Amino acid sequence: LQMQLNFRGLTDDLYSMSSTKTEDFDAFDETLCMEGMRQRQFMTGIANYHIYKAEIHFFYDDFRKCCSEKRFDNKTNLIIHTENEYNLSNLI
């Protein structure tokens with residue numbers, strides 16, 4: 001849902017999934033969400049977060065951030081390689 005809200009321009013900034021409360025949606029803080037997933041060691045959620053962030057950067061033509069940055073979570077030692085990273089590296 002947060003990625004869709006981002007694509008509709010309803011998040012706090014261009015690359016953010018955080019949003020303030022509106023009439024239709026509750027507030028969401030991606031930093032708090034990630035901290036909770038780290039504490040619970042919810043690896044699938046952490047992986048999805050990094051994939052969604054890569055997709056957001058791709059959507060806004062930020063191929064360098066989407067493709068070249070390894071998404072590394074120091075607290076869980078998880079490295080995410082997205083499909084976009086491999087398929088779009090020639091666009092950088």
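Please read these numbers as outputs of a predicted model, since none were measured by experiment.
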Side chains of [X] and [Y], heavy atoms from C-beta outward: is any pair under 4.5 Å?
X     : Y     : answer
Tyr60 : Asn6  : yes
Met17 : Tyr52 : yes
Leu1  : Phe25 : yes
Leu10 : Thr22 : no

How long is the span from the [atom1] atom in [X] to the [atom2] atom in [Y], to the nearest 0.5 Å?
X     : Y     : atom1 : atom2 : answer
Ile46 : Met37 : CD1   : CE    : 6.0 Å
Asp29 : Met34 : CG    : CE    : 12.0 Å
Thr20 : Asp26 : OG1   : CG    : 11.0 Å

Any idea which heavy atoms bring Thr11 and Ser16 closest together, and the distance?
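Looks like OG1-O, 3.1 Å.
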Between Met3 and Ile56, which heavy-atom pair has the shortest distance, and what is it?
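Smallest interatomic distance, heavy atoms only, reads CG-CG1, 3.8 Å.
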Look only at the side chain of [X] and the backbone of [Y], and say whether a donor-acceptor pair between them is shorter than 3.5 Å.
X     : Y     : answer
Arg40 : Gly36 : yes
Lys53 : Tyr15 : yes
Ser18 : Glu30 : yes

